[in-house]
Amino acid sequence: MNSIYLINSIAVAAFGMILSAAFCDILWTWRKRLIIAGSLAVSLSIQGLIYFLISPDIVVYFYPLITHLPLIIVLYILSRKILWSTVSVLTAYLCCQTRRWLALLIVTIFSGNLMTQDAAEVILTLPILLLLLRFIAPSVRSVSHNTISAQWRFGLIPALYYCFDYLASIYTNLLLEGTLVVVEFMPFVCSVAYLIFLVYSSTEGRIRLQLEQKQDVMNLQISQAVREIEALRESQHKTRTYNHDLRHHLQYVSSCIENGRYEQAQGYIHEICSEIEANKVTIICENEAANLIFSAFVERAKTAGIPITIDAALSQNISISENDLCVLLSNALENALHACQKRKEKGLSGTIDVSAYEKNGKFFLQIINSCDADIIFQDDIPVTSAHGHGIGVHSICAVVNKYDGIYSFSVKEDKFILRVSL
């Protein structure tokens, strides 16, 4: 019996089991570590009994049943993830080939024999295991948090190699016999996997670029909305200043009247009224940010000749942050105003009706505006191919999703209806 071979068998079993456990996303405790250690001991004991009492060849043939399948079951019990437990074992099996190939390289360079290969594999086991645990295992574990389809894609290559290795070199001798279709199978798999990876990476890159562009637009919208709020606040502050200084204005007007300078008094009154009117902020609700946004869009709608009604009952302290409220209201009102302006350009009428209130700690918003009948929906969300448009809807959805809220877009006759609940 070759003692080096037995040591290598123990080493590769420990290598594969430790690596499989490291690839699983398990919250390790001493109890779980003891379970893994006990599983390794039981697996090695079963292999030893079969090796000495029956036949060494039987161990190789039944290795998937006496080692891999029990290991998958143990990892499933510890992680409660059957798919990822399977993927972890298959990936660890694939990694075992690293030490095997490096040992073969050493044997080839130094013209060694089978014993030299076993010795080289034993020596390489610990360094390779430590490297894989340090640099590879964290990345593999992170894949377990992805979708089931992503986990399937990740485990496909290890599964193909596992099946290929057992069918071509353990259960048959097709690989050693040099059957061309068998020899070229794994290079074929590698080439197909590489091409799929290229397509997938390109698609992911385009999606990431689109998301970055949308994020940039959203950031610009937030910055613009914040600037508008600050400008409106400044306007409101000036109005309050005029109100505070009203006593001084009245004293000046009274002095002009007492001295018979009626035209000067009248001109001063007109000047003050114009400045106050220019900086007037309509009081619609108690929430300052919402009030400023509503006031700004009321003025814009009035300038565009579009009737707008706003019924808002929002307190200063609501469940949504000021920035998110700004993005939500600004984009929704901007879309409504834009739709009405398009109708006006066609000689059609357009109106905007806004309702916003809070109840039981929830924020509710409904905007009904006139619209054209050619709105296209995709997954219940309005879409457009017009350049520079459609970002507002994504911004609204992003804010609602952030708060795990509900949104709905619908068209009834010639009215577009947006409803939001946060």
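Along the sequence shown, residues carry numbers from 1.
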Within the side chain of [X], is there an N or O that forms a donor-acceptor pair under 3.5 Å with the backbone of [Y]?
| X | Y | result |
| --- | --- | --- |
| Asn291 | Asn287 | no |
| Gln316 | Glu288 | yes |
| Lys412 | Ile417 | no |

Any side-chain heavy atom of [X] within less than 4.5 Å of one from [Y]?
| X | Y | answer |
| --- | --- | --- |
| Cys340 | Thr351 | no |
| Gln366 | Leu418 | no |
| Val393 | Ile381 | yes |
| Ile396 | Asn335 | yes |
| Phe297 | Glu299 | no |
| Phe377 | Val411 | yes |
| Leu19 | Leu133 | yes |

For [X], does the [atom1] atom have more than 12 heavy-atom neighbours from other residues, nucleotides or ligands under 6.0 Å away?
| X | atom1 | answer |
| --- | --- | --- |
| Phe197 | CZ | no |
| Leu65 | CG | yes |
| Arg100 | CZ | no |
| Trp28 | CH2 | yes |
| Leu131 | CG | yes |

Query raised in the report: Quick one: which of Val183, Thr179, Val181 gives a side chain to side chain contact (heavy atoms under 4.5 Å, CB included) with Leu174?
Result: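 Running side chain to side chain contact (heavy atoms under 4.5 Å, CB included) over Val183, Thr179, Val181 with Leu174 returns exactly one hit, Thr179.
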
**Report entry** Ser39/Leu71 under side chain to side chain contact (heavy atoms under 4.5 Å, CB included): CA gap, chis, key distance, verdict
**Finding:** CA-CA 7 Å; Ser39 301; Leu71 179 57; 5.6 Å; no

Any idea which heavy atoms bring [X] and [Y] closest together, and the distance?
| X | Y | answer |
| --- | --- | --- |
| Cys24 | Arg141 | O-CD, 3.4 Å |
| Met17 | Ser43 | CE-CB, 4.4 Å |
| Pro307 | Gly305 | CD-O, 3.7 Å |
| Tyr403 | Val399 | CD1-O, 3.2 Å |
| Ser144 | Gln151 | O-NE2, 3.1 Å |
| Ala41 | Ser45 | O-OG, 2.7 Å |

Requested in this report: Might you work through the side chain to side chain contact (heavy atoms under 4.5 Å, CB included) test for Tyr357 and Ser355, ending with a clear yes or no?
Outcome: CA-CA 7 Å; Tyr357 62 94; Ser355 176; 4.0 Å; yes

So, taking the atom named [atom1] in [X] and the one named [atom2] in [Y], what distance separates them when rounded to the nearest 0.5 Å?
| X | Y | atom1 | atom2 | result |
| --- | --- | --- | --- | --- |
| Ile293 | Leu325 | CD1 | CG | 5.5 Å |
| Arg99 | Ile123 | CZ | CD1 | 11.0 Å |
| Thr125 | Asn8 | OG1 | CG | 6.0 Å |
| Ile308 | Asn369 | CD1 | CG | 9.5 Å |
| Cys371 | Glu413 | SG | CD | 10.5 Å |
| Gln117 | Leu104 | CD | CG | 4.0 Å |

Report task. Inspect the contact between Asp353 and Lys415 and indicate whether a charged nitrogen and a carboxylate oxygen are less than 4.0 angstrom apart. Result ->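 Salt bridge flag = no for Asp353 with Lys415.
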
Requested in this report: Please work out whether the ring planes of His68 and Tyr63 are parallel, tilted or perpendicular, with thresholds of 30° and 60°.
Outcome: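 If you compare the ring of His68 with that of Tyr63, the planes turn out perpendicular.
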
Query raised in the report: Would Ile367 and Phe416 count as a side chain to side chain contact (heavy atoms under 4.5 Å, CB included) if you check the C-alpha gap in whole Å, the side-chain angles of each, and the deciding distance to 0.1 Å?
Result: CA-CA 8 Å; Ile367 298 180; Phe416 184 88; over 6 Å; no

Report task. Evaluate the side chain to side chain contact (heavy atoms under 4.5 Å, CB included) criterion for residues Thr67 and Gln47: first the C-alpha distance (whole Å), next the side-chain angles of each, then the deciding distance (0.1 Å), finally the verdict. Result -> CA-CA 8 Å; Thr67 301; Gln47 292 179 42; 3.0 Å; yes

Report task. Would you check if the distance from the ring center of Tyr161 to the ring center of Tyr166 is below 6.0 Å? Result ->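 For Tyr161 and Tyr166, the ring centres are not under 6.0 Å apart.
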
Query - Pair Phe164 and Phe185, ring centroids less than 6.0 Å apart - result: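 Aromatic pair counts; centres sit under 6.0 Å.
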
Report task. Give every residue pair that meets the side-chain hydrogen bond (donor to acceptor under 3.5 Å, both in side chains) criterion with at least one member in residues 73-90, sequence neighbours excluded. Result ->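 Of all non-adjacent pairs touching residues 73-90, those that pass side-chain hydrogen bond (donor to acceptor under 3.5 Å, both in side chains) are Ser79-Ser85, Trp84-Ser88.
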
Report task. Determine, stepwise, if the pair Glu358 / Ser319 fulfils side chain to side chain donor-acceptor pair (under 3.5 Å). Result -> CA-CA 9 Å; Glu358 53 181 339; Ser319 59; over 6 Å; no

